[in-house]
Amino acid sequence: YAVSGYLCIGGNEVVSFTRSGDALTIARGALGSTATTHKAQDRVQTVRRYSAADAADILYDLLVNDAGVPASYITLADWLAETDAFLGNVYTATICEPTPIRTLCAELIQQAALSVWTNLEQAKLELRVLRAITTDADIYTPDNTVVGSLQIKEQNDKRLSRVLVYFGQKDPTKPLSNLENYRSTSLTEDADAEADYGVMALKTVTSRWIPDGGRAVADRLGAVILGRFRDPPR
């Protein structure tokens, strides 16, 4: 164990601890959990805690220190410059159970509205904050596309008119699917889209990454998702 940090006992209580040799000193009911009775042989799990951290730093830590991605594949300074210029939000999460790195990365990429991809030519992982397309972006035209090589299909099942974000977890030991465990919600809706298509299409996001008081972050998430999927993507 580290010399200090957080533990989850029995899957239902988080405690903070300091360690000296083999002796742990704990403080009960930490991070919104409730102190409860435990028995001998109850499991003890190290808790991963990110507090007001930049999304680039979190992804770097998960990918390099946990998933084994070589540090040379990521230029962290470039990632931080991108999030500083175009994101400007920080994220908080308490992870009490062993969780696949892929799951955590996918959640954060979606909820921070990022794009992460592999640059094969430079053997790099690149990161970009989703934002308006620049006016000088390359586009498909008849001059640069082989006739018959490009087929376009609308993905109607992905269309949205409302995005509901649950955020501000009360107790991090409870599952993300427990809607009663969130203090706040943020609803973004497009009434014109519902009128245009004649039916409501809702996406619900349950966030461990947006803390209590993070309404501006949740509102941005809803706006970005709805802006992308208001009309069926192609």
Side-chain angles (χ1 to χ4, degrees), residues 48-120 122-134 137 155 157-160 162-169 172 175-177 182 184-186 188 201-211 214-230 232-234:
R48 176 68 60 86
R49 171 75 173 170
Y50 295 104
S51 180
D54 191 290
D57 283 323
I58 297 172
L59 288 173
Y60 181 91
D61 179 54
L62 291 172
L63 292 171
V64 173
N65 297 324
D66 291 306
V69 173
S72 61
Y73 284 17
I74 298 174
T75 304
L76 181 57
D78 291 347
W79 282 24
L80 289 170
E82 175 74 9
T83 55
D84 180 64
F86 299 104
L87 182 58
N89 293 327
V90 291
Y91 297 85
T92 296
T94 303
I95 304 159
C96 298
E97 297 289 343
T99 305
I101 299 305
R102 178 174 182 168
T103 298
L104 297 173
C105 289
E107 289 177 0
L108 187 58
I109 288 170
Q110 179 200 55
Q111 294 172 29
L114 307 174
S115 177
V116 177
W117 73 96
T118 304
N119 182 333
L120 295 176
Q122 299 183 17
K124 293 285 187 181
L125 283 179
E126 306 283 7
L127 178 146
R128 181 180 175 91
V129 178
L130 297 184
R131 54 188 183 274
I133 299 173
T134 58
Q155 299 172 299
D157 59 324
K158 295 184 178 181
R159 182 189 65 81
L160 298 173
R162 301 184 187 187
V163 180
L164 180 60
V165 180
Y166 287 82
F167 65 99
Q169 270 189 317
L176 293 179
S177 58
Y182 296 92
S184 304
T185 58
S186 167
T188 305
L202 172 68
K203 180 179 181 63
T204 299
V205 178
T206 52
S207 178
R208 75 174 94 222
W209 297 98
I210 305 176
R215 180 164 301 279
V217 180
D219 289 346
R220 171 187 175 272
L221 171 59
V224 170
I225 293 177
L226 191 55
R228 177 66 183 88
F229 296 102
R230 189 264 188 204
R234 294 181 174 182

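Quick caveat, the model's predicted, so the values are computed rather than measured.
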Exercise answer: donor-acceptor pairs, residues 110-117 side-chain atoms, under 3.5 Å, sequence neighbours excluded:
from, atom 1, to, atom 2, distance (Å)
Q111, OE1, S207, OG, 2.5

Quiz item: Is there a side-chain contact between R208 and T99 (heavy atoms, below 4.5 Å)?
Solution: yes
Practice problem: Give, for atom CD of E107 and atom CD1 of I210, the distance between the pair rounded to the nearest 0.5 Å. | Solution: 11.0 Å
Quiz prompt | Within-4.5 Å side-chain heavy-atom neighbours: V165 and T188 | solution = no
Quiz prompt | Nearest non-hydrogen partners of A55 and L87, listed with the distance | solution = CB-CD2, 4.2 Å
Exercise. Measure the spacing between CD1 of I58 and CG of L104 and express it to the nearest 0.5 Å.
Key: 10.0 Å
Exercise. Over all heavy atoms of both residues, which pair between F167 and P211 is shortest? Give the atoms and the distance, please.
Key: CD1-O, 3.5 Å
Practice problem: Give a yes or no on whether the backbone of R215 and the side-chain of R220 come within a donor-acceptor separation of less than 3.5 Å. | Solution: no
Exercise. Determine the minimum heavy-atom distance between L76 and A56, stating which atoms define it.
Key: CD1-O, 3.9 Å
Quiz item: CZ of F229: more than 12 outside heavy atoms within 6.0 angstrom?
Solution: yes
Quiz item: Distance from R230 atom CZ to R159 atom CZ, nearest 0.5 Å?
Solution: 8.5 Å
Quiz prompt | SB check K124 D78 (cutoff 4.0 Å) | solution = no
Quiz item: Any sub-3.5 Å donor-acceptor pair from Y182's side-chain atoms to L176's backbone N or O?
Solution: yes
Quiz item: What are the two closest heavy atoms between A67 and I101, and how far apart are they?
Solution: CB-CG2, 4.1 Å
Quiz item: Under a 4.5 Å cut-off applied to non-hydrogen side-chain atoms, are L63 and Y73 in contact?
Solution: no
Quiz item: For R49, does its backbone N or O pair with a side-chain atom of T94 as donor and acceptor, under 3.5 Å?
Solution: no
Quiz item: Roughly how far, to the nearest 0.5 Å, is the CG atom of L130 from the CZ atom of F86?
Solution: 12.0 Å
Quiz item: V217 and Y91: side-chain contact (heavy atoms from CB on, under 4.5 Å), yes or no, with the steps?
Solution: CA-CA 9 Å; V217 180; Y91 297 85; 3.7 Å; yes
Practice problem: Could you tell me the separation between the CZ atom of R228 and the NZ atom of K158, rounded to the nearest 0.5 Å? | Solution: 8.5 Å
Exercise. Given side-chain contact (heavy atoms from CB on, under 4.5 Å), test L202 with L164 step by step and report yes or no.
Key: CA-CA 7 Å; L202 172 68; L164 180 60; 4.0 Å; yes
Quiz item: Would D66 and R48 count as a side-chain contact (heavy atoms from CB on, under 4.5 Å) if you check the C-alpha gap in whole Å, the side-chain angles of each, and the deciding distance to 0.1 Å?
Solution: CA-CA 11 Å; D66 291 306; R48 176 68 60 86; 2.8 Å; yes
Exercise. Please report the shortest heavy-atom distance between W79 and L59, naming the atom on each side.
Key: CZ3-CB, 3.9 Å
Quiz item: Do the side chains of L125 and T118 get nearer than 4.5 Å, heavy atoms only?
Solution: yes
Self-check item: Exercise: identify the closest heavy-atom pair between L160 and L226
Solution: O-CD1, 3.6 Å
Self-check item: Donor-acceptor contact below 3.5 Å, side chain R102 vs main chain P100
Solution: no
Quiz item: Could you go step by step and tell me if L62 and Y50 meet the side-chain contact (heavy atoms from CB on, under 4.5 Å) rule?
Solution: CA-CA 11 Å; L62 291 172; Y50 295 104; 3.4 Å; yes
Quiz item: CG/L108 to OG1/T103 distance, rounded to the nearest 0.5 angstrom?
Solution: 12.5 Å
